[in-house]
Protein chains: 2
Amino acid sequence: MIVKLLSEVTRMTAQPEADQLPVAGIQQLLAALQDPVRLEMVRRLVDAGGEAQCKLLYDGVGKSTAAHHFKILREAGITERLTVDGTVHQRLRAADVDDVAPGLLDAVVGAAQRATD
Amino acid sequence: MIVKLLSEVTRMTAQPEADQLPVAGIQQLLAALQDPVRLEMVRRLVDAGGEAQCKLLYDGVGKSTAAHHFKILREAGITERLTVDGTVHQRLRAADVDDVAPGLLDAVVGAAQRATD
DNA sequence: CGCCTGGTTCGATGATCGTCAAACTTCTTT
DNA sequence: AAAGAAGTTTGACGATCATCGAACCAGGCG
């Protein structure tokens, strides 16, 4: 539900961004969300309203490892990199993912959120 | 939607089965569904109405590999092994999974189904 | 300018995972 | 009883993956 609302908001405010790579298939989406570190990143992104500074999205791993995970999330089409105020941010492409796998982000993040409470 | 209805049916007809291992966390569920062979197994299980003979659930891999994947699905709590007419069957624990991760199976299988059409 | 913060890229390493063949069990069938 | 079909287990091999440190590339600020 949270993600669904997020999808609407981001659909409204999304910059064109023109040519960004398409969201990957369900296979690759699941592979991307399967990792604990990456799932936490996505969970925090939802918590933050769909967009956040990289630094705030991880804990317990080095920044080179974090950059590696960001890349995988981006290549799966789950997030995109954008620059706000000169600092790099990650944005959750909730609406795009929902087009390929309706309800997936909601189910996954919801379960993760409940497991974190 | 298909899975949701399936959950209801299986909830009705499920044998007690008493002490079966609990469904794993979202992490392990995603890890189990991430593999192409296993996702296809689950997809075919849904197609078959929630229960099928092992043999009908895979193609292109040896039966030892298939047995390995069945084990992983079982350990994640996604399926259970039951014997019908003397032959081993795999049953999708749709309702149990839906308790831990509501909507997950629907989203994943739905996307997989659409990608297979 | 020089320094620090925030991210990325590039090997390298260690662990995990998917795959197979072979041996074994059980049930069915002839 | 013998033969076959269906699944599982084990051990081994190759590939993929997560992690790290180090070097590198921006901006922002002293």
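Chain A is the first sequence line, chain B the second, and so forth, proteins listed ahead of strands; every chain is numbered from 1.
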Scan A:I72 against the nucleic acid and name what it touches under 4.0 Å (heavy atoms): base, sugar-phosphate only, or nothing.
-> sugar-phosphate
Here the gap from B:T65 atom OG1 to B:K63 atom NZ, rounded to the nearest 0.5 Å, amounts to 12.0 Å
Taking a hydrophobic cluster as the set of Ile, Leu, Val, Met, Phe, Trp and Tyr residues connected by side-chain heavy atoms closer than 4.5 Å, whether directly or through intermediates, do B:L104 and A:V100 fall within one such cluster?
-> yes
Rounded to whole angstrom units, what separation is found between the NE2 atom of A:H89 and the C1' atom of C:dT5?
-> 14 Å
Out of D:dG7, C:dG7, C:dG18, which nucleotide sits closest to the side chain of B:H69?
-> C:dG18
B:R74 vs D:dT8: side-chain N/O to OP1/OP2 distance below 4.0 Å = yes
Between the protein and nucleotides 21-27 of chain C, are there any N/O to N/O pairs under 3.5 Å, and if so, what are the atom names and distances?
from: C:dA21; atom 1: N7; to: B:S64; atom 2: OG; distance (Å): 3.4
from: C:dA21; atom 1: N6; to: B:S64; atom 2: OG; distance (Å): 3.2

When the distance from CD of A:Q27 to C1' of C:dC17 is rounded to whole Å, what number comes out?
-> 15 Å
Distance-only criterion, 3.5 Å: show the donor-acceptor pairs between side-chain atoms of residues 31-60 of chain A and protein atoms not counting sequence neighbours.
from: A:D35; atom 1: OD2; to: A:V37; atom 2: N; distance (Å): 2.8
from: A:D35; atom 1: OD2; to: A:R38; atom 2: N; distance (Å): 3.3
from: A:R38; atom 1: NE; to: A:A32; atom 2: O; distance (Å): 2.7
from: A:R38; atom 1: NH1; to: A:H69; atom 2: ND1; distance (Å): 3.0
from: A:R38; atom 1: NH2; to: A:A31; atom 2: O; distance (Å): 3.2
from: A:E40; atom 1: OE1; to: A:R43; atom 2: NE; distance (Å): 3.0
from: A:E40; atom 1: OE2; to: A:R43; atom 2: NH2; distance (Å): 3.1
from: A:E40; atom 1: OE2; to: A:R44; atom 2: NE; distance (Å): 2.7
from: A:E40; atom 1: OE2; to: A:R44; atom 2: NH2; distance (Å): 3.4
from: A:R43; atom 1: NH1; to: A:Q113; atom 2: OE1; distance (Å): 3.2
from: A:R44; atom 1: NH1; to: A:L56; atom 2: O; distance (Å): 3.1
from: A:R44; atom 1: NH2; to: A:D59; atom 2: OD2; distance (Å): 3.2

Pick the nucleotide of DNA chain C nearest each of A:L56 and B:G62; which residue has the one closer to the 5' end?
-> A:L56
Separation of A:K71 atom NZ from C:dG11 atom P, in whole Å?
-> 12 Å
Tell me: CG of B:D59 to P of C:dG18, nearest whole Å?
-> 19 Å
Trace of the side chain to side chain contact (heavy atoms under 4.5 Å, CB included) decision for B:R81 with B:R74 = CA-CA 8 Å; B:R81 176 165 40 183; B:R74 261 181 270 123; 3.5 Å; yes
Output the single nucleotide from D:dA6, C:dG6, D:dC20 whose closest atom is nearest the side chain of A:K55.
-> C:dG6
Of all the heavy-atom pairs spanning B:V23 and B:D96, show the shortest one and how long it is.
-> CG2-CB, 3.5 Å
Nucleotide D:dC17, atom C1' - distance to CD of A:E75 in whole Å | 13 Å
Can you sort out which residues in residues 30-43 of chain A have a heavy atom within less than 4.0 Å of DNA chain D? Ascending by number, please.
-> A:D35, A:V37, A:R38
Atom CZ of B:R81 to atom P of D:dA6: distance rounded to whole Å?
-> 17 Å
Starting from P on C:dG7, measure out to CG on A:L73 and report it in whole angstrom.
-> 15 Å
Any chance you could measure B:R93, atom CZ, to B:I78, atom CD1, to the nearest 0.5 Å?
-> 10.0 Å
What distance separates B:T79 OG1 from B:L73 CG, expressed to the nearest 0.5 Å?
-> 5.0 Å
Hey, could you give me the CG/CD distance between A:L92 and A:Q90, rounded to the nearest 0.5 Å?
-> 10.5 Å
Separation of B:H68 atom NE2 from C:dC20 atom P, in whole Å?
-> 11 Å
Spacing of A:R91 atom CZ and A:E80 atom CD [to the nearest 0.5 Å] | 4.0 Å
